[in-house]
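Per chain, numbering begins at 1; letters A, B, ... match sequence-line order. Any value given below was found using the heavy atoms of this structure, including those in side chains, with hydrogens, waters and symmetry copies removed.
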Amino acid sequence: MKKSDIPIGKLIEISSNPKIILFSNGEKYFAISGICPHAKWPLELGTVNEKILTCGGHGWEFNISNGKCITNPGRDLKNYNISESKDEIIISD
Amino acid sequence: MFVKFLGQACTLIETKNERIIVDPWIVGPCNVNTWYTLRNKAATTKNIPTDVDYIYISHEHQDHFQEETLKEFNKKTPIYICKFPTDRFYNEIEKLGFKNIIELSSWKPEKLNEDLEITAIKNLDLMFEDSALLVKSKEGTIFCQTDCKMDFQSLKKLNAAKPDIGFFMYSVANWYPDAYNYSKEKHDEIAKKRKANKINGFVNYVNVIKPKYAVAYAGGPLFPHKSQLELNNPITGVFGCPDEPKKAWENSGNSGTEVLVMAADDEISIDGTHVKNNEPILSTNKMDALNELSIEVQEDLNKRWKDEGEASIKLPTKITDYFNKIISENPIARKHINMKVQLIAEGKNGGEFILDISKDKESGTYVTEGKTDDWNYYMKIPAHLVEKSVSEELLWETLFLSARWKGDRKPDQWNEHFINLLYDPDPTRISNIYKIYDKLH
């Protein structure tokens with residue numbers, strides 16, 4: 001995926017099956033599964049503050065850098081690997 | 001067709017020929033004599049519209065299912081509920097003397113007559129039972145979220161149903177962070193964030209379902225007992241007022257829905273006409289309203305607290321037997337809970353108890369009297385309320401919602417497995433849940 005296509009500070013869906021969302025804070029990229037394990041809300045409707053992703057439905061919080069659920073430990077999101085080249089990023093399982 | 005809002009999550013939906021009331025909590029306090037609806041003056045039985053054709057109750061929490069209000073209704077009135085995995089809620093309604101209880105499968109419409117159809121919508125949560133309601137007539141469509149935490153797919157289906165009016169929850173209904181031992185600064189920080197998240201959730205629910213009119217309800221209660229007044233603080237408290245979600249909606253840039261603030265006893269017609277019968281309680285006047293209510297009900301509340309009685313001399317034995325039973329019967333829950341709990345039953349005939357719910361504690365007694373510093377969860381609860389819960393007269397959740405206890409956590413995190421065990425320790429229910437849970441996680 002081209003870095004120039006990735007907005008900064010906005011959660012975007014990059015795959016629908018499996019659902020994966022991507023976030024760039026301008027310095028790093030984060031890719032995690034995009035469905036909240038609580039009530040299946042799409043996580044691109046959420047917000048990110050520092051490294052905390054908050055689901056837009058019921059406020060469950062996740063660490064976007066590793067997918068760990070803060071609100072309810074154990075209900076974690078799948079975390080995807082990201083490798084970077086100059087112009088692109090590659091997301092892998 | 002119109003809806004009369006009766007406070008908290010109670011709505012009276014009226015067509016030309018029929019009336020259905022949803023989640024009737026109108027009079028008196030709930031949650032162990034603590035919560036009152038957002039009203040300037042406490043409601044009386046005259047405020048209860050008992051001449052209804054049907055009752056729908058979303059779930060068993062007392063701010064939706066309250067005995068003092070329900071006892072005013074004819075016991076032959078049909079009560080509709082959602083079909084849940086267990087019969088516990090059905091049985092609780094039956095205990096109140098109602099003879100005609102009908103369970104509805106989630107998302108399966110039920111025709112009550114030629115012109116009135118209701119659809120119960122169950123939450124997806126494995127552990128906790130709750131539901132929302134869709135009401136359709138030729139005159140229009142009304143959605144009541146109650147305080148059901150809904151899955152996104154259901155929201156999209158509701159959008160397709162094109163509701164004219166939607167009632168949406170905007171506030172937490174929980175004891176976090178109020179019951180826990182935080183510094184004031186930490187408490188206020190958590191409360192502010194929780195309140196903001198919930199209001200953001202309101203905006204997202206409304207934006208996905210997109211009714212023509214959205215009413216912010218199922219909000220925070222008032223705590224008028226003199227020992228709990230601080231819980232009501234509109235700035236530092238976790239419970240909001242309906243002007244806050246309205247403002248958030250207007251600031252969101254979303255469109256297509258008009259968000260309304262309704263006071264208890266106000267009415268809204270299907271075309272959006274809002275008849276104002278009362279002054280709404282807003283973040284700007286909440287403390288004035290609270291102070292007036294607090295004076296009005298204090299004597300009655302004190303009497304109710306006194307009438308709760310005292311713990312019996314048998315309490316230590318009851319605590320030991322109760323926790324030994326529910327822990328030993330549910331080894332799969334114990335493995336997930338994996339913590340030690342310090343329970344202090346405070347007051348006459350109380351005591352200190354250590355509940356060992358560690359995953360490695362395979363056998364022996366799970367309860368010992370005494371104190372430990374090695375706890376993960378700490379609960380200090382009035383002894384007489386502990387006795388009601390271990391005697392299965394009072395749901396632990398209802399007790400927790402009362403905020404009449406103090407807690408602490410090490411580490412400071414939610415343990416849904418512990419709350420789930422207390423919610424309903426029936427081994428069959430617990431076993432069924434973890435068959436699914438362990439596959440998912």
Looking only at atom types and distance, does a side-chain atom of [X] sit under 3.5 Å from a main-chain N or O of [Y], one as donor and one as acceptor?
{"X": "Glu250(B)", "Y": "Lys247(B)", "result": "no"}
{"X": "Arg334(B)", "Y": "Lys361(B)", "result": "yes"}
{"X": "Thr257(B)", "Y": "Pro211(B)", "result": "yes"}

Requested in this report: Please name all residues satisfying side-chain contact (heavy atoms from CB on, under 4.5 Å) with Ala196(B), sequence neighbours left out, ordered by chain then number.
Outcome: none
Requested in this report: Any chance you could measure Leu421(B), atom CG, to Ile433(B), atom CD1, to the nearest 0.5 Å?
Outcome: 10.0 Å
**Report entry** Structural part of Leu155(B) lying under 4.5 Å from a heavy atom of chain A
**Finding:**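 Only the side chain of Leu155(B) comes within 4.5 Å of chain A.
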Anything under 3.5 Å between chain B and chain A that's a donor-acceptor pair? List each one with its distance, please.
residue, atom, partner, partner atom, Å
Met150(B), N, His58(A), NE2, 3.4
Met150(B), O, Trp41(A), NE1, 2.8
Phe152(B), N, Ala39(A), O, 3.3
Lys193(B), NZ, Glu61(A), OE1, 3.3
Lys193(B), NZ, Glu61(A), OE2, 3.0
Asn204(B), ND2, Gly56(A), O, 2.8
Tyr205(B), OH, His58(A), NE2, 2.4
Glu416(B), OE1, Asn72(A), ND2, 3.0
Glu416(B), OE1, Arg75(A), NH2, 3.0
Glu416(B), OE2, Asn72(A), ND2, 3.4
Glu416(B), OE2, Arg75(A), NE, 2.8
Glu416(B), OE2, Arg75(A), NH2, 3.4

Query raised in the report: Relative to the ring of Tyr378(B), is the ring of Trp375(B) parallel (under 30°), tilted (30 to 60°) or perpendicular (over 60°)?
Result: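 Ring orientation, 0 to 90° scale: tilted.
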